[in-house]
Each structure stands twice: as C-alpha cells, then as structure tokens.
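Notes follow the structure.
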Amino acid sequence: MPEGSYLYCDVSLPVPLDQPFTYSLPETLRHRVRAGSRILVPFGTRKLTGVILRCHDERPEVPTRDALRLIDSEPVLSAELLALGRWIGGYYCSPLGDVLRGMLPLASEIRRGKVWTLTDSGRDAARQLLLDSSPDDPVTQVLRMLEKRPLSSAYLAKAMPLGDKAIRALERKGFIVSEDVQTERDPMRAPSERLRVELAPTPKEGKFNKPERELRAFLELHPGSHNLKELEDAVKNASPAARSLARKGVVTLKPETVAVKIAIRARHDLNPAQQAAFEQIRDAILARRFQTFLLHGVTGSGKTEVYLSAIETALEAGRSALLMVPEIALTPQMAGQFFSRFGDRVAILHSAFTDVERTEQWRRIRSGAASVVVGTRSGVFAPVQNLGLIVVDEEHDGSYKQEENPRYNGRDVAIVRAQAAGACVILGSATPSLESRYNAAKAKYTLLELPGRISGRPMPVVDLIDMRQEFLETRKQETFSRKLIEALGARVENGEQTIVLLNRRGFSSFVACRACGERVQCINCSLTLTYHKRDRRLLCHYCGYAEKVPSKCPKCDSEHIYFLGMGSERVEEELHRAFPAARIARLDRDTVTGKRQYETILNDFREGNYDMLVGTQMIAKGHDIPNVTLVGVISADIGLGMPDFRAAERTFQLLTQVAGRAGRGNVPGIVLVQTINPDHYAVRLAAAQDYQAFYEKELNFRRMMHYPPFAAMANVLVRSEKKEMAMRMSTDLGFLLNPPPEKLRIMGPAEAPVPRLKNEYRYQFLIKAASRKSLNELLQKIRAYAVDHKWSATALVIDVDPLTLM
DNA sequence: AGCACGCCGACT
DNA sequence: GTCGGCGTGCTC
Ligand SMILES: [Zn+2]
Ligand SMILES: [Zn+2]
C-alpha cells in the first residue's frame, strides 16, 4: 500500500447520488490519507463522514473544497472490502455510498449529530415566555428543555415528535443555534458489568471524594483490571467513582471482553458421512481453492460438527473463518459452542451489543486476535485477514436478504467474497433453497449429503389431518382437530412438552361487519388491521398503526362486528381453555420485544416450567429450541395463498423445520399437521419428509414459469404519496420498457400486491431475464431514466433477486 | 436525502 | 406588510 503525499482524494458519501466527490487535502492530511479510511468533509451546508476511495494529484475540473478531518489513520475498509462494496453497488443497483455505510463497523457513527444550544437572546426570551405563555406550547417546551442544557436534535425529536416546527421558528428568531458535532462515543456510558477498570499507568493527583479515594486505594492494593460491576461489592459506589476518576485521568475504563466460561469441549468423532463431507472441504481449504459446498442434512444430522472441523482446518492452515447464522439463531448458546471449541479466538458480531463492545470485537478481528467470527447478515463484511472459509448456516433463511437498501443477500455476497479471497464456502441447510440446490445439480457447487440423524436417532412421524374432512364429520369449525386435542391431552397427562405452531401473529386477522361486509383497514395501507386482544387494539403489522377496537361498524354503525381469522394469540387462549391446568408460553413478535425475552421464554421452557410452547415461525427457527415429543401445526395453509412464487418453498421449509423439533432421544417424535390443502405438494412432501421430490416438483414449476433459478429476476417498484404521481411514473416506465429488450420478460406495470403501504401508492414490474448481464443493463437504464426525469431518490426501488414481492 | 432559496396565500 | 406553505435545484 503506497503511503505517499496527495493533493486530492475521491470520497464516497452516504447520499443517494451515485458518484464520488473530490476534495482537496490540507497540508496536515496530505500524507495521512489512505483509501478505505473515513474522512469528515463539508457537503453543501453540512458536514458528512465518507469513505476515501482513491488518493491522487489529478486536479478536477470543478473547484474543490478542503476536507476537514481524517477519522481513521488505518483504513476501516481494506482494498478487498472496497472491491466487494463496488460489486454490491453494481449488482444490486445501490449507490456506493449507501453500500459502504452498511459495511462500516458502526453505521450509526456515520450519522452526524446536531446539537441545539440556547443563545443569549434565547435565554432572555425563555425567561419571558416561561412567565406568560401556556406550558404545553411546543415553543415553550423546547426553550424550557434547552434552558437546562444543550440537546441533540435526535433527543429533541424523540422527546417532542411535533417540535420540529417550533425548533425551526426559534432558529429563525435567533433564539437557538445548532452546531454539528462528530459524536465520539463515550465509553463510560456502558453499563458497569460490561466495563473493566484499571489504575492508569501514571495516575494524576487531585482532590477526590470518599468513594473515589476508596476505589483508588482498592486498585492500588489489587493491581490489574477489574470488572466494574464486581467491584461494587468491594467498594461502595464504585461505578460513579470509576467514571469520574476516568475523566480525571486516574483510572482507565475499557469494555469487558465478551467471555463465556465454558470448558474447552472435546471434539466429537465424525460419523462416516460427516467424515466424507469434511474431507472434501478440507482438501479444498488446504489447496487454497475457491469452492462452494452445499451441505444438505436434516435437523440433527450433525452439520455443526462438520462446520467445526472445517473451521479448525482453516485455523490450522493459518487462515481465518467466518460463520454466518440467521438473525434469530445468534444466541449465547450458539456462541457458546464456538467459544468452547475455539476459546478466545472467537469474535461475535451482534447487533444487541453496545457500540463499545462492537467496536472492540471489530478491532480484535482486524488485528487478527480473533480468527473465528460469528455473525449475522452483515457479518459477511467482517474485517478478517487471510480468509479461508465462510460457513453460511441455514442458507435458505430469509434473514440473509436485507429488505432495505442496499438489498443484498449475505449468502450470495459471501460467495463473491470467498471467490475473490480464494476461500471455501459451506452452505448448510436441511431444506436448501431451490437456487442453491440447482447450482449443486449444475456442478457449480459441490453437493455433500448427510443422510439421517446422528447416532441413529429416528426421524419423526408426520400425520396430515384434513380439516375439511374433520368439518364434515364433526359439523363444527374448530381450531383443534379431535386427533390433535387427544394427542395434546396425552402429553399433558404424561408431563411431556409440546410445541404448537401457527405462523400468524395476533388474535384474529381482521375485524368485519356482518351488516355491510366492511373490513377495518389501516389508514396508511391497503391492509386489514389485526386484532390484538392483550393490547385491546387493532394493529397494522406493516406500518405499526394502531387504533381502538370498534364497538360498531365505522361505516354503517351496525353493532354486529365479528372477528375472523386466527392468530397465535388466539391459539394460546384456546389451549388454555382446552387444558386449564397446562402451563403455556407464547413465542412471537408480540411476546418477544428484545433478545432477552426470547431467551427467558426458551430457558423456562427448557427447564420444564412450561408444558406447551405456542408461536409463529420463531419457534421453528433457532438452534436452541428444545426438542419435544409432539409438534402440532394448527394450519399449514397460511402462506400458501400468498401471491408469491416462493410460497410453496417457504411452506415446505417451515413445515420441515418445525417437524425437526419432534423427537427426543430414541423416542420418535410425532408431528400433527392440520390443513385444508392435504394434496398440495408442499404440504404433502413436507409430511413425507421428501426434500428430493419437492425439489424436483418445484423445479419443474419454476422452469415452466421462467422463475429463478431459471431466470435472473428483479422487482422494480415505483412509489409516491400521490396516486397520480405513482401511476404516471409506472406508465412512463412502462413505455420505456416496451417493447422489452431481447431475452427479457417484463410483467407490468401492475399494482403491487400491497397497492398502498405506509401512505404510499405502489406499482411494480417483475423482470425476468435469461442472462444476468442483460438484466443489469436494463436496471441501470431504469436508474438513469429516474435520475433524468428527476424522480425523488426514494420513488424507485430496485430489488435484485427478491425474496418477497410485497 | 437534506437543506437553502424563492415565490404565493392568510394572519398579526 | 410578515409568516410559513412546499416546488426546485444543488451538493466536490
Ligand atoms: Zn357495517
Ligand atoms: Zn398500515
């Protein structure tokens, strides 16, 4: 890496303008700038943090402004990662600035902070106003808050959602001023259990209060670093004392290293199938050859042991390894497996960590101190050196796809990164995505199969229950079939645990009027509101809008309101009614607001504090769901009716995954699946646990319809708050795309499946292309068209390789 | 995307 | 007359 002296640098900025900006470098920065470092630059009236793409001496045609400050002396993005970012920008049609922002260790750090301060005249005005104006006037409130201390605009916006106008009015009058601040994260803000305190090498002298003196004395007596929380037992008020001593330079605070205390776990011997799979992977790693493996094995077939052995091989060869897991699976238990095998060589990248902890993990990875990285989707950007292996567990999982810009798929980015690095990739799944499995069939990937469960554990027995037949026989529309009730009752009797799945949140999915047929809709979206009984309100699952439960029809005033469609909350209630003595827990987005509750509920279930676990797909995913003897599926039909070509695949995956939770030890589990589509191939073949048959059937459908993996696909959506605007954009784009270029099929313009969402009208085009190249060329043409016609940057949404078509 | 500038209705 | 609405244009 050349370290010369440069006059200019090209900077990528987090703005929707897909171009670099050239800045001149002041004397002090000329020899320090490097491609991949962050830099603070003036941009219009603002200051922005961008990433340096290139340093050079070529005077640009336009006049330049001076860069302000270099943030990193060492690049945060290596040349390898910069190149990967460029690839993502091109492939997924996203501005490079957006891509790079998402690759940085702390995306939040990029967001510039603005702090509002009262001016002198503002202080006078505040005193006046506080005397004679109403206290709930937003202007008065803002002044009162700022009188105590300056506040960040983010804080003000949160405290007063409607204070925006008041703030601007006050600024115009000169009562308040704003200042751009580059927020340096204050390490002292972390909770005490996550901090270690140590005496500074040359502690400064000064006046101290009692807790400060005691803490200092303790640290002199017990040299080394101590966990701050634990110190509080020995020294009263240690936490505030440590923080104030740190400010005075007497002690230093640093983040606690994430430590899970588990004894180094002995490695299991691999069974023959595992060994055979491992040997192929090992050979590729040792040959430093880029190769992608698809490791296909049912739940409990021992994929993890293969991962662990492969990672070990990479480490022994002096290379590092990256393990990607779905968002929901990254739990302490999951991390613990890796700590126990690889000790402190492991770094965990997790959104639940504080900024300080994440920075610390990131630093350990870049320095090479950590050579095994466990992370989620964005973990693919971990700054590992000398990458030898990337494992993508549950490769079919939807959480690898980012549903906002840049809309990349972490699994696919992993493969591109590995290819550039000459590394291996293992894609693991019990239900591989059609794309991956097809790539294996075409020999683009190497297929490795792990047949059956390890140590001869039996596969579960799956029974389909035809709910149409059940209705004919009982003449009653019940939630639970007689067979399921009986099976659940027997488990409660025996003290065995059960899992009950219904992949739909809430109590009932809509509220309707018997008199006029009206269904209560969201005011922002063309969707019905879901009834949430516990919260006594109707909720929109897409925009969060909520309203009270109506007692009469909002349209015709009739009081004959009824609730339709069943959700997990109602299943829980009906189970309570059917089994009053059973202890029941529910696991879905409504009972799990943070990571903590998820773990608490599962731990309680594991310890036997509950008899039944009801929930949505959350109870099917995740590695730490305990196995049970009975799994009940209330309705396999949810999702099958979705206007989405992946509906069958998703249903198959979900049913297969939840069935995998059945069976303990040598006792085969039982899975009872209720459905009104017992003949649908996704349901039938999931019950038969026949992946191969499903794959072939679904592949035929995709081939016939020119869907992936037989076409490269993109969803192009235009949106606007004004319906006419959205329609005009879609018709204009329709003309541009007509006639469609060679080798491209274009469906649209059409209303999006959700025509109005978050107060925006939406129209879409589905583009299917025989070649990647022709698809990308067309998409770039569409982008250029949008820029030429001055569409707002948010009006056009391009989703390459979409997972959902909403 | 932000943010400034600029041009028109409706309030002191 | 000013205040404040949001259309338009620019950012190295
Ligand atoms: Zn009505
Ligand atoms: Zn809504």
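Heavy atoms only: backbone and side chains are in, while hydrogens, waters and symmetry mates are out.
Rounding to the nearest 0.5 angstrom, the gap separating the CD atom in A/E751 from the OH atom in A/Y763 is 5.0 Å.
Residues forming a ring pair (Phe, Tyr, Trp, His ring centres under 6.0 Å) with A/F21 (at least two apart in sequence, or on another chain): A/F43. Scored by the side chain to side chain contact (heavy atoms under 4.5 Å, CB included) test, A/A711 finds A/K768 as partners (sequence neighbours excluded).
Contact between A/T22 and A/T64 at its shortest, heavy atoms only, is O-CG2, 3.6 Å.
A donor atom on one side chain and an acceptor atom on the other are found under 3.5 Å apart for A/Y91 and A/D801.
At a threshold of 4.0 angstrom between heavy atoms, the contacts of A/P16 include nucleobase atoms, whether or not backbone atoms are also involved. In this structure, A/L17 reaches the bases: a heavy-atom distance under 4.0 Å links it to at least one base atom across the strands shown.
Between A/K722 and A/E760 no salt bridge is recorded (no basic side-chain N to carboxylate O distance below 4.0 Å). Residues A/K781 and A/E777 are not paired through a salt bridge, judged by the lack of any N-O separation under 4.0 Å between the basic side chain and the carboxylate.
Every pair passing salt bridge (Lys or Arg N to Asp or Glu O under 4.0 Å) that includes a residue from residues 14-26 of chain A is listed here, sequence neighbours excluded: A/D18-A/R783.
When DNA chain C is scanned in the 5' to 3' direction for atoms under 4.0 Å from non-hydrogen atoms of chain A, the outermost contacting nucleotides are C/dG4 to C/dC12.
Checked against the 6.0 Å centroid threshold, A/Y408 and A/F381 count as a close aromatic pair.
Heavy-atom distances under 4.0 Å link DNA chain C to A/F21, A/T22, A/Y23 of residues 20-29 of chain A, given in residue order. Near DNA chain B, meaning a heavy atom under 4.0 Å from it, residues 83-99 of chain A has no residue at all.
Here B/dC3 presents its C1' atom at 16 Å from NZ of A/K47, a figure rounded to the nearest Å.
A/S24 places a side-chain N or O within donor-acceptor distance of the main-chain N or O of A/R65, the cut-off being under 3.5 Å.
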